[in-house]
Protein chains: 2
Amino acid sequence: MVFRVTAFDVAQRAGVTQPTVSRALNGSPKVSDETRAKVLQAAQDLGYVINQNATRLRRGETMTLAVVLIGRAGESATETNPFYFSLLGSVAAAAAAKGYNLLVSFQGSPENFFGQYDDARQADGMIVIGTTQNPEAWAYFRGLDRPEKAWVCWGAPDDDLRWVRSENEGGGRIAARYLLEAGRKHPVFIGARASQQRQFGERYAGFAEELQKSDITPPAIDVDESLSREEQGVEAVRALLQSGQPFDAIFAACDLTALGVLRALSEAGISVPERVSVIGFDGIRAGNYSSPPLTTIEPDFEQAGDLLVQNVLNRIAGEPLTQRRVPVQLVKRGS
Amino acid sequence: MVFRVTAFDVAQRAGVTQPTVSRALNGSPKVSDETRAKVLQAAQDLGYVINQNATRLRRGETMTLAVVLIGRAGESATETNPFYFSLLGSVAAAAAAKGYNLLVSFQGSPENFFGQYDDARQADGMIVIGTTQNPEAWAYFRGLDRPEKAWVCWGAPDDDLRWVRSENEGGGRIAARYLLEAGRKHPVFIGARASQQRQFGERYAGFAEELQKSDITPPAIDVDESLSREEQGVEAVRALLQSGQPFDAIFAACDLTALGVLRALSEAGISVPERVSVIGFDGIRAGNYSSPPLTTIEPDFEQAGDLLVQNVLNRIAGEPLTQRRVPVQLVKRGS
DNA sequence: TAGCCAAGTTTTAACGATGTCGGGTTTAAG
DNA sequence: CTTAAACCCGACATCGTTAAAACTTGGCTA
C-alpha cells in the first residue's frame with residue numbers, strides 16, 4: 001500500500017490542528033496569514049493532496065457532471081454521429097473552466113443513469129447528448145422534470161424537455177439566403193422533419209419562411225427514421241430523382257445526411273455544385289473531406305458547451321434555464 | 001435539500017443494524033438468507049441507493065478510470081483526430097463491462113493529471129490517449145514508471161512507456177501485399193517516420209520488409225511534424241511531385257494524412273485509384289466520405305478498448321502489462 | 001478592574017459506508 | 001446433558017474531510 005499524506009500529517013508538521021489545515025487551504029477568512037503560510041509550507045513539503053472522496057462525502061457535492069451519450073439502438077454514439085465528439089470536447093472545456101470533472105457514459109439504460117450518477121452521488125448534474133433515433137432512451141427523460149433532478153440535454157425530441165439547441169430557424173434562413181444568392185430556384189429540404197427530431201422541423205421552418213419571401217415553397221422529402229442519417233440522404237435523393245420534380249439545391253437536415261446526398265448525387269452523375277448545390281447542418285469534420293467539401297451551417301461549439309454546462313449548473317442551483325440557443329454560422333466550402 | 005435514504009434508514013426498517021445492511025447488500029456469506037431478504041425488501045421499499053463517496057472513502061478505491069485526451073498544443077483532441085472518439089467509445093465500453101466509471105479530461109497540464117486523479121483519489125488508474133505531436137505533454141509520462149502509478153497510454157512516442165498499440169508492422173505488411181496485388185510497382189510511404197511517433201516507424205518497417213521480398217525498396221517521404229496530419233499529406237504529395245520520382249501507390253501513415261494526400265492528388269489532377277492507389281491507417285469515419293472513399297488498415301477498436309482497460313487494471317493490481325498489440329485488418333474501399 | 005468583543009483556534013461532531021472483533025444462538029459431537 | 005464449533009449479527013472503530021460550537025487570547029470600552 002502506498003503512503004498518502006493526510007491533512008492530519010500537515011497539521012502536525014505545521015503545529016496546528018487538522019481542521020485549521022482545512023480552513024487554511026480552503027481560503028477561509030478565519031485564519032491568520034501567519035498560520036496559513038505555515039500550513040501551505042507544510043503541505044508543500046509533504047506533497048499533500050486532498051482526498052476528494054472525503055470532501056465529497058462531507059460536503060455532499062461532487063463537483064462532477066455526468067455526460068451520457070446516446071447512440072442509435074445497439075450502436076455506440078461514436079458510430080452514430082461524430083458531431084457528438086465536438087460537442088463532448090466543448091462540454092469538457094466548459095466544465096473544466098468551471099472547475100467541474102466530467103464522467104462519461106456510452107452505455108447503460110437511461111433508467112439507470114440517475115441511479116448510477118445522481119442518486120449514488122457520483123455527479124451533481126447530468127448532460128444528455130444523443131440521437132433522437134433512440135426513442136426508448138428519451139422516453140425516460142420525458143416527465144423527469146422534478147426540481148431536484150439536475151439535467152439538461154442536447155437536441156431532445158420534445159419541446160418540454162430541458163434542452164439546449166442550435167439556432168435552427170436562423171440557420172435555416174441562412175441556408176435559404178445562401179442558396180438564393182447562388183441563383184437557385186428550386187431548393188429542396190431533406191430530413192426527418194415529421195419525426196421526433198424537433199431540430200429538423202425548426203430548420204425547415206426557417207428555411208421555408210425565408211424562401212417564402214421570394215415566393216418559393218420548398219418541398220420537403222421526409223425520410224425513414226429507421227435508416228442511418230447517411231442512408232436517409234441517399235434514399236431521399238433516389239426518391240427525389242424518381243419523382244421527377246425539378247431541383248437545383250438541397251438543404252439537408254444534418255451533415256451526415258448531406259454526405260449521403262453527395263454520394264447519391266455523385267452516383268447519379270449529377271455534378272455538385274454545378275447542377276445542384278448542397279448544404280448541410282452541424283459542421284462535422286468529415287464534411288471537409290468529401291468531394292466537393294461540404295458547405296454547412298455550423299453551431300458555435302464553444303458556446304454549445306458553455307450553455308449546456310451553464311444550464312445544468314443553473315439546475316443544480318435550483319434556478320431556471322437561461323439562454324438555450326446556440327448561434328450558428330455559414331461555413332462555405334465547395335458544395 | 002433533497003431527502004436521501006441511507007443504509008441506516010434501511011436498517012431501521014428491516015429491524016437490523018446498519019453494518020448488517022452493508023453485509024447483506026454486498027453479498028457477504030455471513031448473513032442469513034432470511035435477513036438478506038428483509039434487507040433487500042426494505043432497501044427496495046425505500047428506494048435506497050448507496051452513496052459511492054462513502055464507500056470510496058472507506059475502501060480507498062474509486063472504481064473509476066481517468067481518460068486523458070491530448071491534442072496538439074493549443075488544440076482540443078477533438079480537433080486533432082477523430083480517431084480518438086472511436087477509441088474513447090471502445091474504452092468506455094470496456095470499462096463499463098468491468099464495472100468501472102470513466103472520468104475524461106481534454107484539458108489541463110499533464111503535470112496535474114496525477115494530482116487531480118490519482119493523488120486526489122478520484123480514479124484508480126489512468127489511460128492516456130493522444131497525439132505524439134504534443135511532446136511537452138508526453139515528457140511528463142516519461143520516467144513515470146513508478147510501480148504505484150497505474151497508467152497506460154495509446155501510441156506513445158517511446159518504447160519504454162506503458163503503451164498499447166496497433167499491430168503496426170503487420171498492418172504495414174498487409175498494405176504492401178494489397179498494393180502489390182493491385183499491380184503497383186512504385187509504392188511510396190508518407191509519414192513522420194523519424195519523429196517521435198513510434199507507430200509510424202513500425203508501419204513503415206512492416207511495409208518495407210514485405211516489399212523487399214519483391215525487391216522493392218519503398219521510398220519514404222518524411223514530413224514536417226509541426227503541420228497537422230492532413231497538411232502533412234498535402235505537403236508530402238507536393239514534395240513528391242516536385243522530386244519527379246515515379247510513383248503509383250501511396251501508403252500514408254494515418255488516415256488524416258491519407259485524406260490530405262487524396263486532396264493534393266485531386267488538385268494535381270491525378271486520378272485515384274486509376275493512376276495512384278492510396279491506403280491509410282486508422283479507420284476513421286471521414287474516410288468513408290472522401291472521393292474516392294479511403295481504403296485503410298483498421299485496428300479492432302473493441303480489442304483496443306479492452307486491452308487499454310485490461311492493462312491499466314493489471315497495473316492497479318500491481319501486475320505487468322499483458323497483451324499490448326491490437327490486431328488490424330484491411331478495409332477495402334475505393335482508393 | 002470588570003466586562004465585552006473580535007479574531008483565531010481547538011474541540012467536537014458529523015458525512016455514510018466497511019471491517020474487525022466478540023458474544024449469543026443454534027447445531028453437531030462426545 | 002454438556003461442550004465445542006459453526007453461524008449470525010451487533011458494537012465499535014475508522015476512512016479524511018468540513019462545519020458548528022466552544023474556547024482562548026488580546027485589546028478596548030465603561
Side-chain angles (χ1 to χ4, degrees), chain A residues 1-40 42-43 46-64 115-116 118-124, chain B residues 1-40 42-43 46-64 115-116 118-124:
Chain A
M1 179 54 91
V2 186
F3 174 72
R4 306 265 184 165
V5 180
T6 72
F8 182 79
D9 302 324
V10 176
Q12 281 201 311
R13 178 173 245 260
V16 295
T17 60
Q18 185 264 322
T20 299
V21 170
S22 172
R23 277 177 297 122
L25 297 177
N26 286 323
S28 159
K30 306 179 131 192
V31 54
S32 68
D33 291 346
E34 188 190 3
T35 310
R36 190 188 309 278
K38 270 195 303 187
V39 169
L40 287 173
L46 297 175
Y48 170 72
V49 177
I50 197 170
N51 183 327
Q52 291 285 2
N53 299 314
T55 305
R56 291 172 173 190
L57 172 59
R58 180 61 234 233
R59 283 226 244 250
E61 61 181 23
T62 61
M63 291 307 280
T64 296
Q116 189 177 352
D118 184 274
D119 299 340
R121 301 220 174 202
Q122 292 203 65
D124 298 336
Chain B
M1 181 52 94
V2 186
F3 173 72
R4 306 266 184 163
V5 180
T6 72
F8 183 78
D9 303 323
V10 176
Q12 282 201 312
R13 178 174 246 260
V16 295
T17 59
Q18 186 262 324
T20 300
V21 172
S22 172
R23 275 180 300 224
L25 297 178
N26 285 323
S28 159
K30 307 179 134 194
V31 56
S32 67
D33 291 345
E34 189 191 3
T35 310
R36 191 188 309 279
K38 271 195 302 186
V39 170
L40 287 173
L46 297 175
Y48 170 73
V49 177
I50 197 171
N51 183 325
Q52 292 285 3
N53 298 315
T55 304
R56 291 172 173 188
L57 171 58
R58 183 61 234 241
R59 283 226 246 250
E61 62 181 23
T62 62
M63 292 305 281
T64 296
Q116 189 177 352
D118 184 272
D119 299 340
R121 300 221 173 198
Q122 291 203 67
D124 298 336

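Side-chain atoms are counted along with the backbone in the values below, which use heavy atoms only and exclude waters and symmetry mates.
Along DNA chain D, read 5' to 3', the first and last nucleotides having any atom under 4.0 Å from a heavy atom of chain A are dG16(D) to dA19(D).
Considering Asn26(A), Leu25(A), Thr20(A) as possible partners of Ser22(A), the one that fulfils the side-chain contact (heavy atoms from CB on, under 4.5 Å) test is Asn26(A).
Regarding Leu25(B), its CG atom lies at a distance of 16 Å from the P atom of dG16(C), rounded to whole Å. Nucleotide dA7(C) holds its C1' atom 12 Å from the CG atom of Asp33(A), rounded to whole Å.
Under the 4.0 Å criterion applied to side-chain N and carboxylate O atoms, Asp124(A) and Arg56(A) are not assigned as salt-bridge partners.
No engagement by Arg56(A) is indicated, since no non-hydrogen atom pair under 4.0 Å with the nucleic acid exists. Among the atoms of the strands shown, none is found under 4.0 Å from any heavy atom of Gln52(B). Residue Asn53(A) is out of contact with every strand shown, counting any heavy-atom pair closer than 4.0 Å. Residue contacts for Thr55(A): at a heavy-atom cut-off of 4.0 Å it reaches the sugar-phosphate backbone alone, with no base atom in range. Among the atoms of the strands shown, none is found under 4.0 Å from any heavy atom of Val21(B). Thr20(A) comes within 4.0 angstrom of a base, heavy atoms only.
Contact of Arg58(A) with dA14(C) (side chain to base): a donor-acceptor pair of N or O atoms is detected under 3.5 Å.
For Thr35(A), no side-chain nitrogen or oxygen approaches OP1 or OP2 of dG8(C) to under 4.0 Å.
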